[in-house]
Enquirer: 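Mind having a look at this structure? Questions to follow.
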Amino acid sequence: MTVPDPAPPAAPVIVIDGGHVATVDAAGTEHATGHVVLTGEWITAVGPGPAPAEVLAAADRVIDARGCLITPGLVNTHHHLYQWITRGQAVDSTLFGWLTTLYPVWGRLDEDAVRTAATGGLAWLVRTGCTTTTDHHYVFPHAGGDLLAAEIEAARRIGIRFHPTRGSMDLGRSRGGLPPDHVVEEIDAILAASQRAIETHHDPSPGSMLRIGLAPCSPFSVTGDLLRQSAVLAREHGVRLHTHLCETVDEEEYCQQHFGMSPVDHMASLDWLGPDVWLAHAVHLSDPAIAALAATGTSVAHCPTSNARLGAGIARTRDLRDAGVAVGLGVDGAASNESDSLWEEIHHAVLFARASGGPEALTVRDGLQMATMGGATVLGRQDEIGSLEVGKLGDVAVWRLDTLPHADVADPVAALVLGSQPPLEAVLVHGRPVVERDAVVGVDEEALAREVTAASRRLLAG
Ligand SMILES: Nc1nc2[nH]c(O)nc2c(=O)[nH]1
């Protein structure tokens, strides 16, 4: 007699019930009172009114979202997690002054330091409503160990969807670059490590929790050879490409001096514009540069807080969006944005755009769109995340709007975007709670803060 295989356990059903639902779908559908149902990792229902009684009765868990705004989980399109343990340095410097202060410190990173920094940074990021983040790690000291594996371990611990990039620098000061020679790598070692990172970690399957990208750092820290060969390697493996571009006037002058052209023309000459490329910052763009990004499907990670902190400028988000460029939001590294809150990027993106372009430059819903569907599109995951629609992954943020700072704001999306950060009732990734009532699930935040402080002191002391 054969014993039948036991039936697989039914996927847990979570109902988020009774809140204002901002789906961020293409029509901008909102339900003043609505519900979202997650079955396992998938969204299986979204609709107006309370959830039907039979759905509630069959649920494994009901999150009472009355008084809350339910949004898609936020998508962070640019970060340098290791910088979490070097915050508060060179606080009044330009980008170049800030980088030259910090490169030698980052040259001492090791696995333990990166694991601790990434755990701290990711724990905070989920506390600001983020459910998917990328990371741009570009400093790999010889004796540092496997730094990419260390941050992937941290992401698994926090439970966030992760798109780390294998970054790189190969243009040291002796060859005309900005970083000191001892923090850059040889091109062959970079390409071999990039290939290894893809083969070891990249998961292209639908619903993936981990995708790798390749990310040579910036025009003043990488050679044209590295950019060109990284693009070939990435395209052979179907992974995305990321870099810093058009962040400052200093970078623009560097490109004119060294390459005789603008940063965007430099990248175009190296086959670095396209629908698989996203650029961090993109502050200093001419009209033809915006047209080139639009024509090639290149997208942008807008980092308003870091751009303000470093005095770099204000990106032309209205013009980029009008031209059809996908724009997501990014916190950038914690050393150039000490708050590192993705919620704050929505707030600042909208306020800064209006400060320079008038009250209609970005609506509050434009801000929410950039932080969700915009980011999903930038990472090539617009069919899986970024909106609350049946068939998408269960990445959701539930913001409490019934406490003193927000209770009387008529429009819930305006309360989220223009007010202070609301408390988070819950954040779910892949149908699993990672934040409950403003606490990261499974993490002792006080103990983590002590670990982060110790790691920071060790690194800064040399
Ligand atoms: N904001 C930042 N810009 C950068 N450019 C570069 O080469 N590195 C950085 C960085 O870490 N942050």
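Note that the structure is a prediction, hence the values are computed from the model and not measured. Just so you know, these numbers use all the heavy atoms, side chains as well, and skip hydrogens, waters and symmetry mates. All ligand and atom numbering here is 1-based and tracks the order in the structure.
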Enquirer: Parallel, tilted or perpendicular for Phe259 and His266, by the 30°/60° rule?
Expert: parallel
Enquirer: Would the distance check show the side chain of Asp366 and the main-chain N or O of Thr363 forming a donor-acceptor pair, the cut-off being under 3.5 Å?
Expert: yes
Enquirer: Which ligand 1 atoms, with their elements, are less than 4.0 angstrom from a heavy-atom of Cys217?
Expert: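 Listed by number with element: 6 (C), 7 (O), 8 (N).
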Enquirer: At what distance is the nearest protein heavy atom to atom 3 (N) of ligand 1, and which residue and atom is it?
Expert: Glu247 OE1, 2.7 Å
Enquirer: Would you find a donor on one side and an acceptor on the other, under 3.5 Å apart, between the side chain of His80 and the backbone of His137?
Expert: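 No; judged by distance alone, with no hydrogens or angles, the pair does not exist.
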Enquirer: Within this structure, what is the CG-CE distance for the pair Leu362 and Met370, rounded to the nearest 0.5 Å?
Expert: 4.5 Å
Enquirer: Could you tell me which atoms of ligand 1, counted from 1 in the order shown, lie closer than 4.0 angstrom to a heavy atom of Tyr138?
Expert: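 Those atoms are 8 (N), 9 (C), 10 (C), 11 (O).
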Enquirer: Who are the side chain to side chain contact (heavy atoms under 4.5 Å, CB included) partners of Ser218, not counting sequence neighbours?
Expert: Phe220, Ser221, His244
Enquirer: Using a 3.5 Å cut-off and no angle test, enumerate the donor-acceptor pairs between side-chain atoms of residues 189-199 and protein atoms at least two apart in sequence or in another chain.
Expert:
| residue | atom | partner | partner atom | Å |
| --- | --- | --- | --- | --- |
| Ser194 | OG | Ile190 | O | 2.7 |
| Gln195 | NE2 | Glu199 | OE2 | 2.9 |

Enquirer: Is Gln421 reaching over with its side chain to a backbone N or O of Arg127, donor-acceptor style, under 3.5 angstrom?
Expert: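 Between the backbone of Arg127 and the side chain of Gln421 there is a qualifying donor-acceptor contact (under 3.5 Å).
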Enquirer: Which option out of Thr248, Asn307, Asp332 puts a heavy atom nearest to atom 1 (N) of ligand 1?
Expert: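 Result: the heavy atom closest to atom 1 (N) of ligand 1 is in Asp332.
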Enquirer: Would you mind checking which non-hydrogen protein atom is closest to atom 7 (O) of ligand 1, with the distance to 0.1 Å?
Expert: Ser218 OG, 2.6 Å
Enquirer: Consider ligand 1: state whether an atom of it lies below 4.0 angstrom from any non-hydrogen atom of Gln83.
Expert: yes
Enquirer: Is the closest heavy-atom distance from Gly333 to ligand 1 below 4.0 Å?
Expert: no
Enquirer: Is His281 close enough to touch ligand 1? Criterion: a residue heavy atom under 4.0 Å from a ligand atom.
Expert: yes
Enquirer: Just to be sure I read this right, does ligand 1 sit under 4.0 Å from the backbone of Leu178, its side chain, both, or neither, counting only heavy atoms?
Expert: neither
Enquirer: For ligand 1, indicate whether the residue Trp98 contacts it via side chain, backbone, both or neither (heavy-atom separation under 4.0 Å).
Expert: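 For Trp98, the contact with ligand 1 is made by the side chain alone.
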